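All figures in this text were calculated on a predicted structure; none of them were measured in a lab. We count ligands from 1, going down the list as the structure has it; atoms in each ligand are counted the same way.
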Amino acid sequence: MTVPTYPVETTAPPPAPAAAPAAARAQLLHEGSVEQYRRTLAAGVDRVARRVATVDRPGTGITPAELAPLVDRVDLDRPLGDAGAALDELEDVYLHDAVWFHHPRYLAHLNCPVAIPALLGEAVLTAVNSSLDTWDQSAGATLIERRLIDWTATRIGLGPNADGVFTSGGSQSNLQALLLAREEACVAATGPAERADLLPRLRVITSAAGHFSVQKSAKLLGLAPDAVIAVSTDAQRRIRPAAVRDEIARCRQAGLVVMAVVGTAGTTDFGSIDPLAELAGICAAAGVWLHVDAAYGCGLLVSTTRRHLLDGIERADSVTVDYHKSFFQPVSSSALLVRDRRALRHATYHADYLNPARMVEQRIPNQVDKSLQTTRRFDALKLWLTLRVMGPDALGALFDEVVDRAADAWELVSEDPRFEVLTRSSLSTVVFRYLPTGPGRELADAANLHAREALAASGLAVVAGTRVDGRHFLKFTLLNPATTVEDVGHVLELIATHAGRYVHDRTAADLTCHVG
Ligand SMILES: *Cc1c(COP(=O)(O)O)cnc(C)c1O
């Protein structure tokens, strides 16, 4: 732990407020402060660049108990007065112990290294600070977002009536998709009584490997506690279409209304892709809304070799994409796309002060008419600059690289007798566990949990954990093209060492007990 170089405790009174107005105005961005703006931002960029250049592990393994006192000690009512000092302080409370996704041994969650053109976009969009709700707060930003929505919808193949909107993330995209699906299911309800009767009977079918935001959305949407039906998956962890068909029939017989089927193009744990074309056929036949959650798998939209894995996605009614997962964009950058733009009307409210209905007749493009948010970041600019500098093929090639690397990693784990590995992912996850042999066999769950924690505490690598069929597994999620097979091999050795030592110590302790 470093010794703070800034004043942390003092009895001196806070600076006199009288000095404030002029100095405070100089901290606002305007024509008189551009030099300050340049210097301050450059100092921040420099600070991050130095950290990025020198970190030798993805984290430091610091605990909340160790870090919290440093953060708590900062007196928010006593400003440092200068960005350099604030950056020094930030070094201690954040940058020094941050988790770095660009490090090749960060293998845990769906976090990607970020494209530099996107960081340029981030710097521009926050400085200009456009808000994407109305034209009079954004102008060109609105048109750029619309172009990117059209571009994405075209890549998916949603047809001429498609539309959509940027969101804060896949969870929000899924929530909005299910809101639209719920409202479409309710359009036939003639009045409040009929609607009240229908709501508790609505059901959403997804797979056991679907994302938990579907459950959370159902709760937010006022559906019944058992509204989400998670059907079983096949050996590849894909939804079983026959189970979906059966479930739709069963619901109908029971007087229930299936308002949506949620297929997943890239499950978070297994990177499995549901059979989208079959789901589309079932949904079309049954007249059920098909939502495809491609938060993870959307990177295939720009792959030059694997786009076919998404075949059928073009028949969805709505699609979630997370550019901040597989398009190498910084958080947050996501979108919801819909096949029929009219569905977005369910998110439209007109406020006299902001977007009165007459603006629709005047053809003034207000994105707030399509969004769950009001004031909204111009996140689209990051993707715009990324595409303008790098282009889609380059992004697709990066994603293809991590998918290839995950296949190599799977081979490596499957050939290693110390580990058990689950099915090969279509994308870039590897789910596996250390398997103790002999008397320590029953310690498998505890040993894998221990290995993950020990690894995180060392900071040398970060891996994820999950439960599969009641057993504890470890998970690699590869999203960094800089990760090599050697990195994966090295992390496997660390895991085997931690888990092996744990099992050894426990079984040795047991033996001592028995002898004693
Ligand atoms: C990550 C993920 C989400 C949630 O997206 P956020 O951007 O984290 O809100 C939804 N669905 C799937 C399949 C995901 O992997």
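Aromatic ring centres of F378 and F166 lie farther apart than the 6.0 Å criterion allows. Between F476 and F432, the gap from one ring centroid to the other is short of 6.0 Å.
Near T268, meaning under 4.0 Å from one of its heavy atoms, ligand 1 places the atoms 12 (C), 13 (C), 14 (C), 15 (O). Taking every non-hydrogen atom of D322 and a distance limit under 4.0 Å, the qualifying atoms of ligand 1 come out as 5 (O), 6 (P), 7 (O). Interface atoms of ligand 1 facing N174, defined by a heavy-atom separation under 4.0 Å, are 10 (C), 11 (N).
Residue Y296 places no N or O, backbone or side chain, under 3.5 Å from any N or O of ligand 1. Taking distance alone, with nitrogen or oxygen atoms compared against 3.5 Å, S213 stays at or beyond that limit from ligand 1. Ligand 1 has no N or O atom lying under 3.5 Å from any N or O atom of T267, backbone or side chain.
Contacts with ligand 1 closer than 4.0 Å are made by side-chain heavy atoms of A295 only, the backbone lying farther away. Contact annotation for L110 and ligand 1: only side-chain heavy atoms (C-beta onward) come within less than 4.0 Å of the ligand.
Closest to atom 6 (P) of ligand 1 among all protein heavy atoms lies G170 N, 3.3 Å. Among protein heavy atoms, atom 11 (N) of ligand 1 sits closest to D293 OD2, 2.6 Å. The protein atom (non-hydrogen) at minimum distance from atom 2 (C) of ligand 1 is K325 NZ, 2.2 Å.
Side-chain atoms of T320 and N174 form a donor-acceptor pair, as typed in the model, at a separation below 3.5 Å. No hydrogens or angles considered: nothing links the side chains of S207 and T233 as a donor-acceptor pair under 3.5 Å. Using a 3.5 Å distance cut-off with no hydrogens or angles, the side chains of D97 and T60 do pair a donor with an acceptor.
The shortest separation from a heavy atom of G266 to ligand 1 is under 4.0 Å, placing the residue in contact. Residue contacts with ligand 1: Q172 is excluded, as none of its non-hydrogen atoms falls under 4.0 Å.
Interatomic distance, I144 CD1 to I149 CD1, rounded to the nearest 0.5 Å: 13.0 Å. The CG atom of L279 sits 5.5 Å away from atom CD1 of I239, with the distance rounded to the nearest 0.5 Å.
Of all heavy-atom pairs between G299 and S326, the closest is N-OG, 3.0 Å.
Ion pairing between a basic and an acidic side chain is recognised when a charged N comes within 4.0 Å of a carboxylate O; D226 and K219 show no such pairing.
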